[in-house]
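Side-chain atoms are counted along with the backbone in the values below, which use heavy atoms only and exclude waters and symmetry mates.
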Amino acid sequence: MKLTSLSDLSAEFVSHNPEIQKKVMLRPGDLPHLTNFSQARLAPGQIASAHQHIDMYEVFFVISGTGVITIDRTPYALTPGVCVAVEPGEHHEVKNTGNDELVLTYFGVLA
């Protein structure tokens, strides 16, 4: 059993934009096939630049705020309650297009 609270975790930076902070609740090795389980906060206008993962699925769940996730050049709206699963090899970029912080909980699973 592993118990984690966001309030007890230190902020880290996401690799795609060092200005965006995340808190990692689970890391590689905590659960089989899981690469991470984290929460990121993007300020208005911030972008997690386009990238892809060859060997993992990535799932995003919008807690609050609004934004756009672009997957292989197709934009999709991000609003509270939306869940998006990105498949291995799909190029994706996340942008906060709103006036408030965009809060995403997300995880990766090895393919």
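Interatomic distance, NZ of Lys23 versus OG of Ser7, reported as 7.0 Å (0.5 Å rounding). Atom CZ of residue Phe37 and atom CG of residue Asp30 lie 12.0 Å apart, to the nearest 0.5 angstrom. For the atom pair CZ (Arg27) and OG1 (Thr35), the distance works out to 11.5 Å, reported to the nearest 0.5 Å. Once rounded to the nearest 0.5 Å, the distance linking CG of Leu102 with OG1 of Thr66 reads 7.0 Å.
Both Ile20 and Val84 are members of a single hydrophobic cluster when ILVMFWY side chains are connected at heavy-atom separations under 4.5 Å. Taking hydrophobic clusters as Ile, Leu, Val, Met, Phe, Trp and Tyr residues chained together by side-chain heavy-atom distances below 4.5 Å, Ile63 does not share a cluster with Leu6. Linking Ile, Leu, Val, Met, Phe, Trp and Tyr whenever their side-chain heavy atoms come within less than 4.5 Å leaves Phe60 and Met25 in two separate clusters.
Within a 6.0 Å radius of CD in Glu12, other residues, nucleotides and ligands contribute more than 12 heavy atoms. More than 12 heavy-atom neighbours from other residues, nucleotides or ligands sit within 6.0 angstrom of NZ on Lys22. More than 12 heavy atoms of other shown residues, nucleotides or ligands fall within 6.0 angstrom of atom CG in Asp72.
In this structure, a donor-acceptor pair under 3.5 Å is present between the side chains of Thr105 and Gln39.
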Show your reasoning for whether side-chain contact (heavy atoms from CB on, under 4.5 Å) applies to Val62 and Thr79.
-> CA-CA 6 Å; Val62 182; Thr79 57; 5.7 Å; no
From CA spacing to verdict: side-chain contact (heavy atoms from CB on, under 4.5 Å), Val86, Ile69 = CA-CA 10 Å; Val86 179; Ile69 185 167; 4.1 Å; yes
Could you give me the CA-CA distance, side-chain angles and deciding distance for Tyr106 and Val14, then say whether side-chain contact (heavy atoms from CB on, under 4.5 Å) is met?
-> CA-CA 12 Å; Tyr106 64 99; Val14 301; 4.0 Å; yes
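For Gly65 against Pro80, the heavy-atom pair with the smallest separation is O-CD, 3.3 Å. Scanning all heavy atoms of the two residues, the minimum distance from Pro88 to Ala111 falls at CG-CB, 3.8 Å. Nearest heavy-atom pair across Phe61 and Gly81 is CE1-O, 3.4 Å. Taking all atoms of both residues into account, the shortest heavy-atom contact from Ala11 to Gln21 is CB-OE1, 3.3 Å. Nearest heavy-atom pair across Val82 and Leu78 is CG1-CD2, 4.4 Å.
Of the possible polar contacts, one joining the Asn17 side chain to the Ile47 backbone as a donor-acceptor pair under 3.5 Å is found. Although no hydrogens or angles enter the test, the distance criterion places no donor-acceptor pair under 3.5 Å between the side chain of Asn96 and the main chain of Gln46.
Between Val24 and Leu9 there is no side-chain heavy-atom pair separated by less than 4.5 Å.
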Extract all donor-acceptor atom pairs below 3.5 Å that involve side chains of residues 52-59 and protein atoms in other chains or at least two apart in sequence.
| residue | atom | partner | partner atom | Å |
| --- | --- | --- | --- | --- |
| His53 | NE2 | His51 | NE2 | 3.2 |
| His53 | NE2 | Glu58 | OE1 | 3.0 |
| Glu58 | OE1 | His92 | NE2 | 2.9 |

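Every residue meeting the side chain to side chain contact (heavy atoms under 4.5 Å, CB included) condition with Pro75, not counting sequence neighbours, appears here in chain and number order: Val68, Thr70. Remark: Val109 engages His33, Phe107 in a side chain to side chain contact (heavy atoms under 4.5 Å, CB included) (not counting sequence neighbours).
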